[in-house]
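When a ligand or atom number is given, it counts from 1 through the structure's own listing order.
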Amino acid sequence: MTYRAGWIHFTNVAPILDSLQLPDGVTAITGVPTEMNAALLDGRVDIANISVVEFIRNADTLEALPDFSVSVLGPVYSVNLFHTAPLQALRRIALTSQSATSVALLEVVLKERGLTPVLERAEGTPETLLATGFDGVLRIGDSALREWYAAVGPLTAETTMTALPHTGRAGGQTIHVTDLAEEWFAITGHPFVFAVWAYRKGYPPPPDLVQAMREARRDGLGHLAEVARRHAQKLGLPERVVQHYLWNFRYHLEEPDRLGLTEFALKAVPGHAPLHFGPKPGRAEKTSLVSG
Ligand SMILES: C=C(O[C@@H]1C=C(C(=O)O)C=C[C@H]1O)C(=O)O
């Protein structure tokens, strides 16, 4: 029988997915987070790297791989609130329909800061939305990374990504950029987990798929400069920017990531069912970070 995978194929998972060789009997489709969340929940795929908040909301029916995630400690660069007024003064924020986790993270951040702007789903670029009655726009993924860099770049030989300003220009106006993972770090001191690889309980992926994913991740992280070069071209961004962007992710769901996940689950989905993870890989299956 075929085992069906659904991949959110944003650039941030390129170090895992680019060199993944699917074993025989495994098929894959791709889509944005909300599409892959729905595909897993309504049974069109058997495993997907889904929005972590959907994993938490559906903890009674889902389980996740114990050693895979898309996490960061500090800024992420691609989950951004673009705004024209200061954060404290925002009245109306447009939400991307691609995201579940980042919407929930925005709600947590606003609550922690005691802010109550109106949140509405609306599509478009930050420029067009900010010109049509919204004073904040939430964006995720590759387009958010590009829009962030267009507003606050360029990166010069003397600066680093973390030194880039949080204010820039777009469409002739001043734009503030609030990185939601950086906000999370300021509030909690923990990493933020955006995605986990989840499947329906009792229907785990075949071991050769998981092994292939571990090998692909080892290969991707061991050749990060090449992955970054390829994707810099696709994104139309400098290689240094994409290399820093990718190097900054944590893909292993380690103890600090789990602490961040537990805290987010408490804040975003109070009363959720216990979270379940598959068995950790045995010694023989463990893969080191560097290839060779
Ligand atoms: C960091 C990101 O994480 C993604 C954000 C998601 C969401 O907001 O629901 C889901 C999966 C993640 O891979 C990003 O897209 O920029």
Side-chain angles (χ1 to χ4, degrees), residues 5-18 20 29-41 45 47-58 62 64-65 68-82 93-110 119 121 123 126 137-149 161 177-185 190-198 213 217 220 231 234-235 237 241-242 244-253 257 260-261 264-265 267-269:
W7 305 143
I8 299 169
H9 209 325
F10 284 157
T11 299
N12 57 49
V13 275
I16 301 176
L17 292 184
D18 275 13
L20 179 63
I29 58 166
T30 59
V32 299
T34 41
E35 289 166 347
M36 292 304 97
N37 300 342
L40 180 68
L41 290 169
V45 300
I47 185 169
N49 48 329
I50 64 163
S51 302
V52 80
V53 75
E54 290 297 353
F55 171 62
I56 301 164
R57 286 178 186 143
N58 296 282
L62 298 179
L65 292 179
F68 277 89
S69 75
V70 175
S71 309
V72 286
L73 178 67
V76 60
Y77 308 104
S78 60
V79 176
N80 296 321
L81 184 65
F82 296 91
I93 297 178
L95 305 175
T96 166
S97 62
Q98 296 187 356
S99 163
T101 296
S102 305
V103 170
L105 174 57
L106 175 64
E107 286 170 347
V108 167
V109 168
L110 292 172
L119 306 180
R121 296 269 178 191
E123 292 313 311
V137 177
L138 174 67
R139 305 272 290 174
I140 68 162
D142 296 354
S143 56
L145 177 68
R146 269 199 302 252
E147 284 149 6
W148 163 78
Y149 189 71
M161 291 270 278
V177 187
T178 297
D179 181 314
L180 292 189
E182 195 172 19
E183 287 290 302
W184 173 258
F185 179 63
H190 290 308
F192 189 80
V193 179
F194 282 94
V196 291
W197 269 254
M213 287 170 58
R217 177 178 57 193
H231 285 273
K234 279 194 200 161
L235 293 167
L237 288 170
V241 169
V242 179
H244 181 105
Y245 175 62
L246 293 179
W247 162 88
N248 185 50
F249 281 101
R250 304 165 55 82
Y251 293 110
H252 289 74
L253 195 59
D257 309 307
L261 170 53
F264 178 64
K267 288 184 190 297
V269 193

Using the rule given for side chain to side chain donor-acceptor pair (under 3.5 Å), can you reason through Glu183 versus Thr178, listing the C-alpha separation, both sets of side-chain angles and the distance that settles it, and then say yes or no?
CA-CA 8 Å; Glu183 287 290 302; Thr178 297; 5.3 Å; no

Kindly assign one of parallel, tilted or perpendicular to the pair Tyr77 and His244, based on the angle between their ring planes and the thresholds 30° and 60°.
perpendicular

Sub-3.5 Å donor-acceptor pair from the side chain of Arg121 to the main-chain atoms of Thr96, do we have one?
yes

Approximate separation, where rounding is to 0.5 Å, of Leu261 CG and Phe55 CZ:
7.0 Å

Hey, what polar pairs (N/O, under 3.5 Å) does ligand 1 make with protein?
from	atom 1	to	atom 2	distance (Å)
ligand 1	8 (O)	Ser99	OG	2.7
ligand 1	8 (O)	Ser102	N	3.0
ligand 1	8 (O)	Ser102	OG	2.6
ligand 1	9 (O)	Ser51	OG	2.7
ligand 1	9 (O)	Ala100	N	3.0
ligand 1	9 (O)	Thr101	N	2.9
ligand 1	15 (O)	Gly141	N	3.3
ligand 1	16 (O)	Ser78	O	3.1
ligand 1	16 (O)	Ser78	OG	2.6
ligand 1	16 (O)	Gly141	N	3.1

Can you name the nearest heavy-atom pair linking Ser78 to Phe249, along with the distance?
OG-CZ, 4.5 Å

Between Asn49 and Ala195, is there a donor-acceptor pair closer than 3.5 Å when you use the side chain of the first and the backbone of the second?
no

